[in-house]
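No experiment lies behind these values; they were computed from the predicted model shown.
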Amino acid sequence: MELFWYVVLMGMLAMYVILDGYDFGAGIIHLFFAKSEKDKKAITNAIGPFWDANEVWLIAAGGVLFFAFPTLYASSFSGFYLPLIMILWLLIFRAIGLELRGQYHNAMWQSIWDKAFGIASLLLALFFGVALGNVVRGVNLGMVENGVSAHEAHYFFLPLWNPTFSPTAEHLGIIDWFTLLLGIISVLALIIHGANWIIYKTNSGLNQKLKDVIFKLNFALLALVIISLLVWHVIEPKPFHNFIETPWLWIFPVITFTGLFGLFNVKRWKKDGYGFLFSSLFLAGGFASTAASIFPNVLPSTNNVNPSLTIYNVAAHEYGLSVGMNWFFIALFLVAVYMVVQYRIFKGKMDDVGYGEH
């Protein structure tokens with residue numbers, strides 16, 4: 001039962017990364033590449049009907065986390081309290097940047113909310129990558145110092161960074177060179193993903209330029225992914241042990257690199273949707289590979305005093321999990337119907353939607 005809800009939770013988070021990920025990427029492109037009003041409108045039109053529905057996947061994942069793995073929910077939301085509050089504010093500013101821009105036709109007003117939308121999107125992409133890095137690296141559960149646990153075994157709290165900026169220090173921070181590396185990978189991947197979405201959903205004059213951007217950034221993304229795999233040994237001496245013990249898990253890295261190498265063909269495709277397909281494969285495969293590499297851990301412990309949090313020692317009672325399964329399938333059906341209807345209504349190019357104009 002724990003495994004079922006773990007797969008559900010990871011599936012929801014993967015959907016959030018793919019769907020809201022292109023919103024973040026579009027926001028970054030809006031910040032750095034959209035110079036004319038026409039290009040800015042094309043980008044907001046491409047994501048306007050979708051962004052708020054995409055964020056629901058994060059809320060749904062939080063609900064499943066609270067219901068199925070309450071100990072992990074309590075541990076994470078207290079330990080990562082500071083960055084979570086920052087993410088909340090960034091989500092707010094991204095949303096109001098989109099909604100308030102068109103309320104008043106003034107150049108200064110529009111410039112302010114353009115910057116709010118773009119900067120919030122950039123920082124969200126960075127912070128979610130850093131968050132994944134923290135889960136891979138682990139935390140000092142129980143706040144152990146000199147071999148003594150100062151708190152309960154599942155409690156921790158992290159500042160934004162530590163003085164050494166090291167992922168192997170006893171007193172860890174949210175941001176260190178390893179988590180920052182994954183944050184930068186996240187930013188690059190989501191810029192590419194957002195660019196592919198804009199190409200797919202618009203006939204913007206930016207599209208040809210964005211294909212060049214995707215092609216160039218993909219070299220940097222490939223290099224950073226290889227570096228991250230090499231330095232992973234600093235964090236985990238045997239980072240691929242799950243893949244060696246369970247060979248079918250290699251399907252996830254294969255999906256990851258299929259998506260990554262496929263993006264090098266972005267200039268050759270006749271159909272605009274292929275780029276979005278391959279960037280989605282990279283994001284889904286990369287996320288699944290990361291989850292598989294630390295399984296059954298959901299939050300590793302960096303000390304030898306308190307055990308890591310796993311899907312088994314943080315799960316709710318089996319009775320509650322089994323009852324929740326019945327309601328889950330009802331919810332899944334309703335969500336599927338909603339998404340099919342939404343994407344059918346807004347299929348094709350979105351240049352003339354006119355999102356945000358009042």
Side-chain angles (χ1 to χ4, degrees), residues 1-21 52-81 84 87-88 128 131-132 134-136 138-139 141-142 151-156 241-243 245-252 255 280 283-301 306-343:
M1 195 61 67
E2 296 93 345
L3 181 60
F4 170 80
W5 284 108
Y6 175 74
V7 172
V8 169
L9 178 61
M10 292 301 106
M12 287 183 169
L13 289 174
M15 286 295 292
Y16 176 73
V17 170
I18 292 170
L19 296 179
D20 217 25
D52 49 352
N54 293 342
E55 286 189 347
V56 172
W57 287 100
L58 181 62
I59 299 170
V64 169
L65 180 63
F66 177 75
F67 157 73
F69 305 107
T71 303
L72 177 62
Y73 178 92
S75 178
S76 300
F77 273 71
S78 61
F80 295 125
Y81 184 81
L84 285 172
I87 286 173
L88 177 61
F128 278 120
L132 184 63
N134 275 265
V135 173
V136 172
V139 297
L141 290 172
H151 297 278
E152 294 176 304
H154 63 268
Y155 175 83
F156 70 96
H241 64 281
N242 278 348
F243 297 98
E245 294 172 6
T246 312
W248 69 265
L249 291 177
W250 284 105
I251 190 173
F252 298 129
I255 291 172
S280 296
L283 291 174
F287 184 80
S289 298
T290 304
S293 69
I294 65 172
F295 182 84
N297 293 338
V298 285
L299 192 60
S301 175
N306 295 312
S308 299
L309 300 184
T310 71
I311 65 170
Y312 304 108
N313 62 20
V314 298
H317 192 273
E318 186 173 353
Y319 174 76
L321 296 179
S322 61
V323 171
M325 184 184 294
N326 300 324
W327 292 101
F328 167 74
F329 287 110
I330 296 173
L332 181 64
F333 172 76
L334 294 174
V335 170
V337 170
Y338 173 82
M339 289 194 67
V340 169
V341 171
Q342 182 192 32
Y343 280 85

Peer 1: Hey, could you give me the CG/OG1 distance between Leu299 and Thr310, rounded to the nearest 0.5 Å?
Peer 2: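 So the gap between those two atoms works out to 11.0 Å.
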Peer 1: Rounded to the nearest 0.5 Å, what's the gap from CD1 on Ile311 to CG on Leu72? Could you check?
Peer 2: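 Spacing of CD1 (Ile311) from CG (Leu72) equals 11.0 Å.
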Peer 1: Quick check: does any side chain N or O of Asn313 sit under 3.5 Å from a backbone N or O of Ser308, one acting as donor and the other as acceptor?
Peer 2: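 Answer holds: yes.
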Peer 1: Please name the pair of heavy atoms, one in Leu84 and one in Ser76, separated by the smallest distance, quoted to 0.1 Å.
Peer 2: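 Here Leu84 and Ser76 meet closest at CD1-O, 4.1 Å.
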Peer 1: Could you walk me through whether Phe77 and Leu65 pass the side chain to side chain contact (heavy atoms under 4.5 Å, CB included) check?
Peer 2: CA-CA 11 Å; Phe77 273 71; Leu65 180 63; 4.2 Å; yes
Peer 1: Starting from the C-alpha separation in whole Å, work towards a yes-or-no answer on side chain to side chain contact (heavy atoms under 4.5 Å, CB included) for Phe69 and Val298.
Peer 2: CA-CA 10 Å; Phe69 305 107; Val298 285; over 6 Å; no
Peer 1: Kindly indicate, with the supporting measurements, whether the criterion ring pair (Phe, Tyr, Trp, His ring centres under 6.0 Å) is fulfilled by Phe252 and Phe287.
Peer 2: CA-CA 9 Å; Phe252 298 129; Phe287 184 80; over 10 Å; no
Peer 1: Does the Trp5 side chain pair with the main chain of Leu321, one donor and one acceptor, at a distance under 3.5 Å?
Peer 2: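 Yes.
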Peer 1: With sequence neighbours left out, write down each residue that passes salt bridge (Lys or Arg N to Asp or Glu O under 4.0 Å) with Glu55, or none if nothing qualifies.
Peer 2: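 Per chain and number, Glu55 pairs via salt bridge (Lys or Arg N to Asp or Glu O under 4.0 Å) with Arg94.
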Peer 1: Give the ring-plane orientation class for Phe80 versus Phe156, where under 30° counts as parallel, over 60° as perpendicular and anything between as tilted.
Peer 2: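 Ring orientation, 0 to 90° scale: perpendicular.
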Peer 1: Could you grab the distance from atom OG of Ser322 to atom NE2 of His317, nearest 0.5 Å is fine?
Peer 2: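 Between atom OG of Ser322 and atom NE2 of His317 there are 9.0 Å.
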Peer 1: I'd like to know whether OH of Tyr312 has more than 12 heavy-atom contacts from other residues, nucleotides or ligands below 6.0 angstrom.
Peer 2: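 Buried by this count: over 12 neighbours within 6.0 Å.
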Peer 1: Taking the side chain as every heavy atom from C-beta outward, state whether Ile294 and Val135 have any atom pair closer than 4.5 Å.
Peer 2: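 Answer yes - side chains close enough.
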Peer 1: Counting only heavy atoms from other residues, nucleotides and ligands, does the tally under 6.0 Å from OH of Tyr81 exceed 12?
Peer 2: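 No, not enclosed.
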Peer 1: Any chance you could measure Leu9, atom CG, to Glu2, atom CD, to the nearest 0.5 Å?
Peer 2: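 One finds 13.5 Å between CG of Leu9 and CD of Glu2.
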Peer 1: Would one find more than 12 heavy atoms of other residues, nucleotides or ligands at under 6.0 Å from atom CD of Gln342?
Peer 2: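 Counting other residues, nucleotides and ligands, CD of Gln342 exceeds 12 neighbours.
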Peer 1: Take Tyr6 and Met10, measure what side chain to side chain contact (heavy atoms under 4.5 Å, CB included) needs, and give me the verdict at the end.
Peer 2: CA-CA 6 Å; Tyr6 175 74; Met10 292 301 106; 3.7 Å; yes
Peer 1: With a 3.5 Å distance limit and no angle check, can you tell me whether Thr290 reaches the backbone of Gly286 through a side-chain donor-acceptor pair?
Peer 2: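 Yes, the answer is positive, given that a donor and an acceptor are paired below the 3.5 Å cut-off.
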Peer 1: How many angstroms lie between atom CZ of Phe329 and atom CE of Met325, to the nearest 0.5 angstrom?
Peer 2: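 Answer for the CZ-CE pair, Phe329 versus Met325, is 6.0 Å.
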Peer 1: Looking at CH2 of Trp327 and CZ of Phe67, how far apart are the two atoms once the value is rounded to the nearest 0.5 Å?
Peer 2: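 The CZ atom of Phe67 is 12.0 Å from CH2 of Trp327, to the nearest 0.5 Å.
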Peer 1: Would you say Asn306's side chain and Leu141's backbone share a donor-acceptor pair under 3.5 angstrom?
Peer 2: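 Between the backbone of Leu141 and the side chain of Asn306 there is a qualifying donor-acceptor contact (under 3.5 Å).
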Peer 1: Just do the side chain to side chain contact (heavy atoms under 4.5 Å, CB included) check on Val335 and Met15 with the steps written out, would you?
Peer 2: CA-CA 12 Å; Val335 170; Met15 286 295 292; over 6 Å; no
Peer 1: Tell me if a side-chain donor or acceptor on Thr246 pairs with a main-chain N or O of Phe243 at a distance below 3.5 Å.
Peer 2: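 The answer is no, because no donor-acceptor pair under 3.5 Å joins these two groups.
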Peer 1: Return yes if some donor-acceptor pair links the side-chain N/O of Ser280 with the main-chain N/O of Ile18 below 3.5 Å, else return no.
Peer 2: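 Not at all, since once roles are kept as given, no pair shorter than 3.5 Å links the two residues.
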Peer 1: Are Leu13 and Phe128 side-chain neighbours, meaning at least one heavy-atom pair lies under 4.5 Å?
Peer 2: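 When only atoms from C-beta onward are counted, Phe128 and Leu13 do not touch, as no gap falls below 4.5 Å.
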Peer 1: Surrounding CD1 of Ile251 (heavy atoms of other residues, nucleotides or ligands, distance under 6.0 Å), is the total greater than 12?
Peer 2: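 It does not: Ile251 CD1 has 12 such atoms or fewer within range.
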Peer 1: Can you name the residues that form a ring pair (Phe, Tyr, Trp, His ring centres under 6.0 Å) with His151, not counting sequence neighbours?
Peer 2: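 With sequence neighbours excluded, His151 shows a ring pair (Phe, Tyr, Trp, His ring centres under 6.0 Å) to Tyr155, given in chain and number order.
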Peer 1: Restricting to non-hydrogen atoms, name the atom on His241 and the atom on Ser293 that form the minimum distance, rounded to 0.1 Å.
Peer 2: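 Nearest heavy atoms, His241 then Ser293: CE1-O, 3.8 Å.
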